Amino acid sequence: MSKDIKKKEFGRKLKALNTERGWNQSELARRAGIPRDSVSTYVRGVSLPNPKSLQKLADALGATPADLIPNMVQDATEEESTSLNMRVSTGAPNTAWLQVNRLVSLTTAVKVIEMIEADKLGEWRPSRS
């Protein structure tokens with residue numbers, strides 16, 4: 001499904017759920033804790049919310065993000081190519097920016113996060129497993 005069609009479909013779904021509750025866009029924005037202008041752009045099919053705003057909208061409407069945008073995670077990973085990038089920081093040559101967009105096992109994801117968190121504290125040491 002094209003991204004433009006997905007935006008329009010999301011906008012129609014959001015408007016319908018809002019109307020079912022008898023709310024206007026301002027009321028949905030207030031209940032979701034997001035700007036009214038953002039709700040307007042979503043309803044008009046101009047843009048899709050980021051994951052945090054999507055969750056806030058879903059919570060306000062008593063729905064799940066998947067109810068509002070089915071297959072959002074799957075589509076995002078299919079649309080974006082898998083990538084792994086590292087860029088050495090120019091201001092601190094012993095540090096690097098790391099970008100990861102790759103489907104991995106939950107075990108691997110947890111290990112990577114643990115290593116990153118420990119590295120912030122200077123505590124990381126390779127495990128002996």
Side-chain angles (χ1 to χ4, degrees):
M1 179 181 299
S2 85
K3 201 164 199 151
D4 287 335
I5 292 171
K6 184 170 281 190
K7 290 175 192 175
K8 298 288 184 193
E9 183 179 310
F10 174 72
R12 284 190 294 272
K13 186 173 284 192
L14 194 61
K15 183 177 181 177
L17 289 170
N18 206 30
T19 301
E20 282 176 17
R21 285 155 183 75
W23 300 345
N24 58 29
Q25 291 179 10
S26 295
E27 181 64 15
L28 176 57
R30 185 187 67 75
R31 289 177 183 248
I34 61 176
R36 158 72 178 71
D37 291 345
S38 295
V39 172
S40 176
T41 61
Y42 306 148
V43 169
R44 289 183 289 125
V46 173
S47 67
L48 290 171
N50 63 38
K52 186 176 180 180
S53 293
L54 178 62
Q55 184 64 59
K56 288 179 175 185
L57 289 165
D59 290 346
L61 292 164
T64 67
D67 292 335
L68 300 177
I69 306 179
N71 302 321
M72 181 178 181
V73 173
Q74 179 183 345
D75 290 350
T77 51
E78 287 173 0
E79 288 174 13
E80 299 294 325
S81 61
T82 300
S83 64
L84 178 62
N85 299 307
M86 182 180 77
R87 190 177 77 226
V88 175
S89 173
T90 55
N94 292 332
T95 62
W97 291 98
L98 180 64
Q99 293 177 307
V100 180
N101 182 23
R102 178 177 282 169
L103 185 63
V104 297
S105 70
L106 182 57
T107 302
T108 299
V110 169
K111 285 179 183 178
V112 169
I113 290 170
E114 287 173 346
M115 289 170 50
I116 290 170
E117 289 300 313
D119 186 59
K120 285 196 294 188
L121 302 172
E123 301 171 354
W124 182 77
R125 288 176 184 61
S127 65
R128 293 187 165 87
S129 49

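It should be emphasised that the depicted structure is a prediction, and the values quoted were computed from it without experimental measurement.
- We find that Glu114 and Lys111 are not joined by a salt bridge, their nearest charged nitrogen and carboxylate oxygen being 4.0 Å or further apart.
- Residue pairs meeting the salt bridge (Lys or Arg N to Asp or Glu O under 4.0 Å) criterion with at least one partner in residues 40-66, sequence neighbours excluded, do not occur; the list is empty.
- Side-chain contact check for Gln99 versus Leu84: every heavy-atom pair is 4.5 Å or farther apart.
- Within the 4.5 Å cutoff, no side-chain heavy atoms of Leu17 are placed close to those of Trp23.
- Between Leu14 and Tyr42, the closest heavy-atom pair is CD2-CB, 3.7 Å.
- Of all non-hydrogen atoms in Arg36 and Ala29, the two that sit nearest each other are CA-CB, 3.6 Å.
- Arg87 places no side-chain N or O within donor-acceptor distance of the main-chain N or O of Leu98, the cut-off being under 3.5 Å.
- Residues Asn18 and Lys15 fail the side-chain proximity criterion, which asks for heavy atoms closer than 4.5 Å.
- For the pair Val112 and Val100, the minimum side-chain heavy-atom distance is 4.5 Å or more.
- Remark: side-chain polar atoms of Ser53 are not paired, donor with acceptor, to backbone N or O of Asn50 under 3.5 angstrom.
- Judged purely by distance below 3.5 Å, without hydrogens or angles, the side chains of Thr41 and Ser38 never pair a donor atom with an acceptor atom.
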Q: Step by step, work out the salt bridge (charged side-chain N to carboxylate O under 4.0 Å, His left out) result for Glu9 and Arg12.
A: CA-CA 5 Å; Glu9 183 179 310; Arg12 284 190 294 272; 5.4 Å; no
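- Here Leu48 contributes atom CG and Phe10 contributes atom CZ; the two are 6.5 Å apart, rounded to the nearest 0.5 Å.
- Contact detail for Lys13 and Asp67: the closest heavy-atom pair is NZ-O, 3.0 Å.
- Contact between Gly45 and Lys7 at its shortest, heavy atoms only, is O-CB, 3.3 Å.
- Considering only heavy atoms from C-beta on, Thr64 stays 4.5 Å or farther from Leu68 through its side chain.
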